[in-house]
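Since the structure comes first, as structure tokens, the remarks are kept for the end.
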Amino acid sequence: MTARIIDGTAAAEALRNRVAEAAAALSARYGAAPGLAVVLVGENPASQVYVRSKIKHTAAAGLRSVEHLLPMETSEADLLALVAQLNADPEIDGILVQLPLPVQIDADKVIAAIDPAKDVDGFHPVNAGKLATGTGGLVPCTPLGSLKLIKSVRETLAGLDAVVIGRSNIVGKPMAALLLAESCTVTIAHSRTKDVEAVCRRADILVAAVGRPEMVRGDWIKPGAIVIDVGINRVDAPEKGPGKTRLVGDVAFAEAAEVAGWITPVPGGVGPMTIACLLANTVTAACARRGWTAPEL
Ligand code: NDP
């Protein structure tokens with residue numbers, strides 16, 4: 001194996017510690033810790049796991065978390081009314097509405113209703129526009145965490161060829177914008193890209209955000225590349241026993257690690273950084289709302 005592992009669990013812990021310090025300083029100065037409201041509609045088991053983990057880490061970092069667990073049949077109007085209430089609440093600095101939402105609710109409408117200053121997921125069109133124009137704003141957590149992992153192994157990215165596979169608003173597009181802001185030469189690949197393998201082989205930095213288990217093979221990777229595997233896919237694992245499953249990324253890890261210079265594992269790579277960046281965004285939002293210069297997180 002040539003690749004060194006980028007340890008997302010350790011990086012996330014370090015980031016959470018910096019968040020906790022900043023939260024303590026904010027609490028000391030303003031008498032209240034930054035507040036994050038987490039809204040979950042329905043009983044999607046994966047969402048419940050994410051939300052529990054977010055709430056646990058929020059409290060551990062010394063932030064206040066307020067949960068709103070709403071029934072599956074909640075109407076769009078009721079959810080929009082809750083968002084309006086949270087927008088107006090001075091004790092709430094960040095609002096997270098867990099996706100996916102039930103079919104009767106238009107997720108885009110809900111995202112657009114969140115005050116962009118409290119949009120700690122960074123999905124509001126105002127924040128997407130600010131990222132595209134390089135004018136600040138809150139940045140989506142998964143690409144933000146991925147960039148932090150890349151920069152933990154290589155500080156200056158200018159001039160490097162970066163390939164992002166996937167063009168979702170949540171991961172692919174903001175990831176590409178962040179790498180462009182670092183002066184990489186960025187290519188976005190997607191399901192209609194011709195010869196995606198050849199495109200990937202050019203990449204000094206390869207970010208896979210597709211949702212297809214182990215799609216990226218070892219021979220797609222440029223020797224020495226930094227490989228960031230955003231994918232989280234649950235696959236059958238008969239070797240662990242009948243009915244058992246395991247998590248794999250979008251990259252065939254064992255093969256890729258034979259070629260890459262650096263690689264993130266799944267689990268233990270981008271996943272933990274996503275939650276840590278949510279906490280960091282909450283502190284950033286709280287600082288901005290109080291007119292306090294946000295610390296470097
Ligand atoms: P989406 O389904 O929204 O986007 C997937 C993207 O992959 C699309 O742009 C699609 O192209 C592209 N794609 C699909 N098939 C191919 C192919 N054969 N070749 C090239 N590109 C292809 O997914 P997300 O962006 O939301 O998530 C991507 C992955 O990241 C998932 O596994 C998800 O679970 C994971 N994830 C992990 C997070 C974490 O914290 N680690 C957080 C968020 C997501 P097209 O646009 O043409 O359809």
Side-chain angles (χ1 to χ4, degrees), residues 5-9 11-13 15-16 38 44-54 56-57 96-101 107-108 111 120-123 128 131 138-150 162-179 186-203 206-217 219-221 227-235 245-253 263-281:
I5 305 292
I6 305 177
D7 184 347
T9 305
E13 190 185 347
L15 176 55
R16 289 197 305 271
V38 179
N44 179 323
S47 295
Q48 285 175 327
V49 171
Y50 289 137
V51 162
R52 266 202 301 274
S53 184
K54 284 169 184 173
K56 184 186 95 185
H57 285 301
L96 177 145
V97 179
Q98 184 66 43
L99 302 178
L101 289 168
D108 289 339
I111 290 167
V120 283
D121 258 339
F123 296 161
L131 178 59
L138 291 161
V139 176
C141 303
T142 300
L144 181 61
S146 300
L147 182 69
K148 285 180 188 294
L149 291 179
I150 295 167
V163 173
V164 180
I165 324 177
R167 55 174 164 178
S168 70
N169 290 335
I170 293 174
V171 191
K173 281 184 205 152
M175 186 75 246
L178 286 172
L179 290 165
V186 183
T187 304
I188 307 177
H190 47 79
S191 66
R192 309 294 291 274
T193 297
K194 282 188 231 146
D195 202 357
V196 66
E197 296 95 311
V199 171
C200 291
R201 267 182 222 117
R202 295 204 303 261
L206 179 61
V207 181
V210 187
R212 292 171 72 98
E214 303 183 322
M215 181 183 89
V216 176
R217 310 309 307 188
D219 63 358
W220 296 25
I221 290 167
V227 178
I228 304 293
D229 191 352
V230 178
I232 301 177
N233 310 290
R234 194 163 280 289
V235 296
T245 60
R246 66 189 170 99
L247 289 182
V248 298
D250 290 340
V251 177
F253 181 85
I263 189 166
T264 59
V266 177
V270 174
M273 280 303 275
T274 296
I275 295 184
C277 286
L278 172 70
L279 309 182
N281 275 352

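Counting starts at 1 for both ligands and their atoms, in listed order. Source: prediction; values computed, not measured.
Listed for the R217 side chain is a donor-acceptor partner under 3.5 Å among the backbone atoms of E214. Put simply, the side chain of S53 never gets that close to the backbone of Y50: no donor and acceptor are under 3.5 Å apart. Checking side-chain atoms of D121 against main-chain N and O of L96 turns up no donor-acceptor pair under 3.5 Å. Although no hydrogens or angles enter the test, the distance criterion places no donor-acceptor pair under 3.5 Å between the side chain of D250 and the main chain of D229. Counting only distance, with no hydrogens or angles, the side chain of R246 and the backbone of V235 share no donor-acceptor pair below 3.5 Å.
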Test side chain to side chain contact (heavy atoms under 4.5 Å, CB included) on F123 and I170 and set out the steps.
CA-CA 7 Å; F123 296 161; I170 293 174; 3.7 Å; yes

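Near N233, the atoms of ligand 1 lying under 4.0 angstrom from a non-hydrogen atom of the residue are 32 (O). Listed by number with element, the atoms of ligand 1 under 4.0 Å from a non-hydrogen atom of T274 are 39 (C), 40 (O). For ligand 1, the atoms sitting less than 4.0 Å from at least one non-hydrogen atom of G271 are 40 (O), 41 (N), numbered in the order shown with element in parentheses. For ligand 1, the atoms closer than 4.0 angstrom to any heavy atom of I165 are 20 (C), 21 (N). The atoms of ligand 1 that sit less than 4.0 Å from any heavy atom of G166 are 6 (C), 7 (O), 9 (O).
A 4.5 Å side-chain heavy-atom check between V97 and I111 finds every atom pair outside the cut-off. Using a 4.5 Å heavy-atom threshold, the side chains of C277 and L15 count as touching.
Nearest to atom 29 (C) of ligand 1 among the protein's heavy atoms is G211 N, 3.7 Å. Nearest protein heavy-atom contact of atom 20 (C) of ligand 1 is H190 O, 3.2 Å. Among all non-hydrogen protein atoms, the one lying nearest atom 25 (O) of ligand 1 is S168 OG, 2.5 Å. Looking at atom 47 (O) of ligand 1, its nearest protein heavy atom turns out to be S191 OG, 2.5 Å. Protein heavy atom at the shortest distance from atom 44 (C) of ligand 1 is V171 CG2, 4.0 Å. With respect to atom 9 (O) of ligand 1, the closest heavy atom belonging to the protein is R167 N, 2.8 Å. Looking only at heavy atoms of the protein, atom 35 (C) of ligand 1 is closest to V230 O, 3.5 Å. The single protein non-hydrogen atom nearest to atom 16 (C) of ligand 1 is V210 CG1, 3.7 Å, given as residue, atom name and distance.
The option with the heavy atom closest to atom 15 (N) of ligand 1, from among R212, M215, M175, is R212.
Not a single heavy atom of T193 lies less than 4.0 angstrom from ligand 1. Using a 4.0 Å cutoff on heavy atoms, A209 counts as a contact of ligand 1.
Closest non-hydrogen pair, N281 versus V139, comes out as ND2-O, 2.9 Å. Minimum interatomic distance between V199 and V163 (heavy atoms only, all atoms of both residues): O-CG2, 3.5 Å. Scanning both residues, S146 and M175, for their nearest heavy atoms gives CB-SD, 3.6 Å.
With a heavy-atom cut-off of 4.0 Å, T142 touches ligand 1 through its side chain alone.
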